[in-house]
Amino acid sequence: MQTRIGSVGSLEEGKDPVITTRTSQSKTLPLRALQLFGFFLALCIGFSIISIYTIRRFGIYNTVTTVKSTFVPCAEEPNSLDHWRKPPSSLLHSMSDKELLWRASFAPRIKKYPFNRLPKIAFMFLTKGPLPLAPLWERFFKGHEGLYSVYIHSLPSFKAEFPSSSVFYRRQIPSQVAEWGRMSMCDAERRLLANALLDISNEWFILLSESCIPLYNFSVIYQYIMKSKHSFMGAFDDPGPFGRGRYNYNMVPEVNISKWRKGSQWFEVNRKLAINIVEDVTYYPKFEQFCRPACYVDEHYFPTMLTIQTPNLLANRSITWVDWSRGGPHPGTFGRSDITEDFFKRILEGHQCRYNDQPSSICFLFARKFAPSAMEPLLRIAQKVLGF
C-alpha cells in the first residue's frame, strides 16, 4: 500500500515539475520572438536607409540627367525661327488638301521680316507626266540658284526620273488626277500654290504647263516680275455665249453677273493673291456646283474671285503668249518646223501693253504650246533669240 501510495505520490509529484517547466517555457518564448523580430526590423531599416541613399546618390541623379539631355532639344526645335524660315526639307507629306490649304493660309501680320529674306519666284508646272522641254528650262535656271523654286503637279501614277543634278529632281508634290475644264483642275492649281506657299521666301507664283517656254533670260523675267505692282491674270468681261453665257444665276449673292470674268488659265500672282486663292471657302462651293462644262471653271473661278476681292491688284492681262488664230477649243501647237527667228520676232515684237501703269513693249514673258519636237531647234537658237 505504501508502495502504491508512493508510486501514486511520485506520479503526482512527477506531474508538478512538468507543469512548472511548461509555464516557464511559455514565458521565455515570446521574449525571444520579440528579440528576433526586433533584430530583423532593425536590419530591414538599415538596409532601407542604405538603399535610399544609394538610389538618391546614383540612380535618380543619372536618370534625371538623361531625361534633360534628350528632352530639351525636342522642346526647343519647333520654337526656332528656322522652323518657319526654311522651306520644307521634302515636298512629300501626308497632309490632306484641307490640311494643306489651312497650313498654307498662314500669313505674318508684321510685314517686315526679322531675317534677311531673298524673295524667290515659284515656277509651278502643271503636267500629266514628262517635261519634254526640261533641258531648255535647265539652261534657263542655271546660275540663279536661290532665286527660284520648282514644283511639279503630275498624274499620281507618273514617276519622274530626273538625275540628282536636275532642278526638277524630287520636285513633285503629292498630286491627284486633274481633268480639263473641271474643278479638279483648279484643285491642282491650288495644290501647287499651297505647297509653294510653305516656303516663306516664295514671293511670286507662276503657273506653267509642260509645253511652256521662257521668252527671255532669267534675270529679265525676275526683274520684270519682282518690280511689278500688279499680278498678271486675265480678267475681262465677255458679253458673248462663252463669257456671260456661262453664268448661272444660282451663284448669287456671292457672284453677280456684273462681276463675272473670264481669263487665261495661266497666271502669275504675288504672295498676297496666292493666299487669297488657297484660303477661299466662299466662292469655291458656288463654282464647284454651278460652273461645270460647258462652263469651264479654270477660265472663270480665279479671275472672277480676284476681281471681286482685289481688282486694283490685277493687271487684267496674261504674260503667257498663245496663238488662238487657228480656232478651236485649244491654242495652236508649234513643232520643229515652226522654230525660227522670224517666229520669235512675231511673238516678241509689235505689242503694246501697260506695265506699272506705264506703256511698255514687253508684254509676254512666256509662250505655249510647244511640242517635244521643238526641243532641239529651241536649244540651238535660245542663246541668240532668247538670251540664254
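Counting from 1, the numbers follow the sequence of the chain as shown. No hydrogens, no waters, no symmetry mates; every other heavy atom, side chains included, goes into these values.
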Remaining members of the apolar cluster that contains L198, side-chain heavy atoms under 4.5 Å
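Members besides L198, by chain and number: M95, L100.
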State yes or no: do [X] and [Y] share one hydrophobic cluster built from I, L, V, M, F, W and Y residues joined by side-chain heavy-atom distances below 4.5 Å, directly or via other members?
X    : Y    : result
I257 : M251 : yes
L208 : Y148 : yes
L207 : I275 : yes

Centroid-centroid distance, [X] to [Y], less than 6.0 Å:
X    : Y    : result
F242 : Y296 : no
Y247 : Y249 : yes
W180 : H330 : yes

So that I can tick it off, tell me whether E341 and K384 are bridged by a salt bridge, with the cut-off set at under 4.0 angstrom between side-chain N and carboxylate O.
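A salt bridge links K384 with E341.
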Salt bridge R191-D97, side-chain N to carboxylate O under 4.0 Å:
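Looking at R191 and D97, the cut-off is met.
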Write down the atom of [X], the atom of [Y], and the distance for their closest heavy-atom approach.
X    : Y    : result
R244 : S258 : NH2-CA, 4.1 Å
P119 : Y222 : O-OH, 2.6 Å
A104 : L197 : O-CD1, 3.8 Å
P135 : M375 : CD-SD, 3.8 Å

Would you please classify the geometry between the [Y] ring and the [X] ring as parallel, tilted or perpendicular, with 30° and 60° separating the classes?
X    : Y    : answer
F232 : Y355 : parallel
W137 : F140 : perpendicular
H144 : F218 : parallel

Cation-pi between R85 and F115: NZ/CZ under 6.0 Å from ring centre and within 45° of the ring axis?
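The answer is yes, since R85 meets both limits relative to F115.
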Using a 3.5 Å distance criterion without hydrogens, assess whether the side chain of [X] forms a donor-acceptor pair with backbone atoms of [Y].
X    : Y    : result
S209 : L126 : no
T304 : R261 : yes
N356 : K229 : yes
S184 : E179 : yes
R139 : A134 : no
S166 : F162 : no
S318 : S264 : no

Only one of W260, Y283, F267, F287 clears ring-ring contact (aromatic ring centres under 6.0 Å, His included) with Y301; which?
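Result for ring-ring contact (aromatic ring centres under 6.0 Å, His included) with Y301: F287.
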Please check if the number of heavy atoms outside R170 that lie under 6.0 Å from its CZ is greater than 12.
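Atom CZ in R170 is not packed in, count stays at 12 or less.
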